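Read through the structure below, which is laid out as structure tokens, and then see the notes.
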Amino acid sequence: SIAYSALLNGLCKAKRLVEARVLFEAMKVGDCKPNLVSYSVLIDCVCKNGEVGEGLSLLEEMEREGLCADVFVYSSLISAFCGKGDVEKGRELFDEMSRKNVSPNVVVYSCLMQGLSKSGRWREASDMVNEMMARGIRPDVVTYTLLADGLCKSGRVEEAVKVLDLMVKKGEEPNNLTYNVVVNGLCMDDRMDDALRIVERMVKKGKKPDLVTYNTLLKGLCGAGKVDEAVNLLRTLLSEKFHLKPDVFTFNNVIQGLCKEGRIRDAERIHSTMVEKGLVGNIVTYNFLIEGCLNAGKLVKALEIWKYAVDSGFSPN
RNA sequence: UCCAAGAGAUUCC
């Protein structure tokens, strides 16, 4: 059953859900019955595939089979419900799990916090941190990153910046994701200078800005009307000796910035560079370009791009 | 007894 579960996990992580289900059914009729981990893997998989209802059915099924769901199973389900904005169902599962004497851990709290933050309920999310500490569960770097992100996205960037100090005081070092969250918050708040100061701070702490950091800064620069600076930064990222490879987000951010200013020719040039680099763009790329053309009154060009996108295999959304 | 499988966070319309 352990080997089967490992294989099941591989299939699930590779998004080969059909084969995963076949394997799971084979386990049921064979000698190696699905165990707790098998159910955990499959539940997580169907949930990530958007089928949370089936996740719940599998939970019932495993209980009928005499298996007790553990904190892994519950965190997959809670994460799925919270992820789609249904915090109430997440809490219900949290209570159900408590009734069954399964103790929550830091991951379960993270899932709930994310759900609360997504619904703009940052105050409840930050209460969660206190609640978990009161229960002897130590917040980790993910907890603080979620807290900072929730605060940023509720327009409380200043408090998010303070989380960086708070967590250090509590013995947790911010990592790249934590810094990126705060940099993004500051960029969205049009505070590029402060965002750059956070980047400096992360470098001082020995963390290397990664592609997400740069993508975030590019978006921030464009949003602050510094599109040319964004283009220059993109050039740096594209240089041979630079250690990171720009991705579709990188290009899209700059393309969006140029399109917003009506600089369609420049946006197209950037798009060409992207294609030369072997990146095909995605539906968002083409939406930016088409929207830019339309706003600039370039209907023919917009249709050309539409056709190009469709011919490249994209379905207009 | 030991060893092996599973869950949470950041950037684009």
Side-chain angles (χ1 to χ4, degrees), chain A residues 1-13 32 34-45 47-48 55 69-80 82-83 90 97 102 104-115 117-118 125 128 139-150 152-153 160 163 174-185 187-188 195 198 202 209-220 222-223 246-257 259-260 274 281-292 309 314 316-317:
Chain A
S1 292
I2 293 174
Y4 273 99
S5 300
L7 181 54
L8 189 66
N9 185 43
L11 289 169
C12 287
K13 294 295 172 300
C32 304
N35 63 13
L36 171 62
V37 175
S38 322
Y39 273 99
S40 174
V41 167
L42 191 63
I43 287 173
D44 186 62
C45 186
C47 284
K48 287 199 168 73
D70 65 1
V71 67
F72 279 70
V73 173
Y74 277 106
S75 56
S76 287
L77 288 163
I78 292 172
S79 172
C82 288
M97 145 182 174
V102 179
N105 62 12
V106 61
V107 175
V108 172
Y109 274 100
S110 293
C111 299
L112 286 173
M113 281 178 68
Q114 187 172 34
S117 293
K118 271 208 167 118
M128 281 282 161
D140 64 10
V141 60
V142 177
T143 314
Y144 290 110
T145 304
L146 281 163
L147 179 62
D149 192 40
C152 285
K153 291 187 172 144
V163 171
N175 63 17
N176 267 30
L177 267 74
T178 324
Y179 286 113
N180 287 345
V181 158
V182 176
V183 168
N184 184 50
C187 286
M188 299 306 268
I198 298 295
M202 81 189 269
D210 57 23
L211 194 55
V212 173
T213 318
Y214 287 107
N215 290 348
T216 305
L217 289 173
L218 283 171
K219 171 108 190 292
C222 291
D247 63 6
V248 178
F249 282 43
T250 318
F251 286 99
N252 281 358
N253 284 337
V254 178
I255 288 172
Q256 182 190 29
C259 285
K260 270 199 177 150
M274 173 167 71
N282 57 22
I283 191 66
V284 179
T285 316
Y286 300 105
N287 286 345
F288 283 145
L289 287 166
I290 291 168
E291 189 183 5
F314 292 100
N317 66 4

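Just so we're on the same page: letters track the sequence lines, and every chain starts at 1. Keep in mind the model is a prediction, meaning the values are calculated, not measured.
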How would you label the contact of [X] with the nucleic acid (heavy atoms, under 4.0 Å): base, sugar-phosphate, or nothing?
X	result
Asn282(A)	base
Val212(A)	base
Val37(A)	base
Val106(A)	base
Asp247(A)	nothing
Thr285(A)	nothing
Thr216(A)	sugar-phosphate
Lys13(A)	sugar-phosphate

Open item on the list: Using 0.5 Å steps for rounding, measure from the CG atom of Leu77(A) to the OH atom of Tyr74(A).
Closed with: 8.0 Å
Measure from the side chain of [X], starting at C-beta and using heavy atoms only, and say which of [options] lies closest.
X	options	value
Asn175(A)	G8(B), A9(B), C12(B)	A9(B)
Asn35(A)	A5(B), A9(B), C12(B)	A5(B)
Asn253(A)	G6(B), C13(B), U11(B)	U11(B)
Val181(A)	A5(B), U10(B), G8(B)	U10(B)
Phe72(A)	A7(B), C12(B), A5(B)	A7(B)
Ser75(A)	G6(B), G8(B), A7(B)	A7(B)

Whole Å only: how far is the [atom1] atom of [X] from the [atom2] atom of [N]?
X	N	atom1	atom2	answer
Asp149(A)	A9(B)	CG	P	11 Å
Tyr39(A)	G6(B)	OH	C1'	15 Å
Lys153(A)	U10(B)	NZ	P	6 Å
Met188(A)	U10(B)	CE	P	14 Å
Leu7(A)	G6(B)	CG	C1'	14 Å
Met128(A)	A9(B)	CE	P	16 Å
Phe249(A)	U11(B)	CZ	P	8 Å
Phe314(A)	C12(B)	CZ	P	18 Å

Do the side-chain N or O atoms of [X] get closer than 4.0 angstrom to the phosphate oxygens (OP1, OP2) of [N]?
X	N	value
Lys219(A)	U11(B)	no
Lys118(A)	G8(B)	no
Lys48(A)	G8(B)	yes

Task: Polar pair under 3.5 Å, donor/acceptor by atom type, side chain Ser76(A), base A7(B) - done: no
TODO: Establish whether the base of A7(B) is bridged to the side chain of Asn105(A) by a donor-acceptor pair shorter than 3.5 Å.
DONE: yes
TODO: Report the residue from Cys82(A), Ser75(A), Ser76(A) that forms a side-chain contact (heavy atoms from CB on, under 4.5 Å) with Ile78(A).
DONE: Cys82(A)
Open item on the list: Taking the side chain as everything from C-beta on, heavy atoms only, tell me whether Asn287(A) gets closer than 4.5 Å to Gln256(A).
Closed with: no
- [ ] Verify the distance criterion only: is there a donor paired with an acceptor across the side chains of Asp149(A) and Asn184(A) at less than 3.5 Å?
- [x] no
Task: From Asn252(A), Asn253(A), Thr250(A), residue fulfilling side chain to side chain donor-acceptor pair (under 3.5 Å) relative to Asn215(A) - done: Thr250(A)
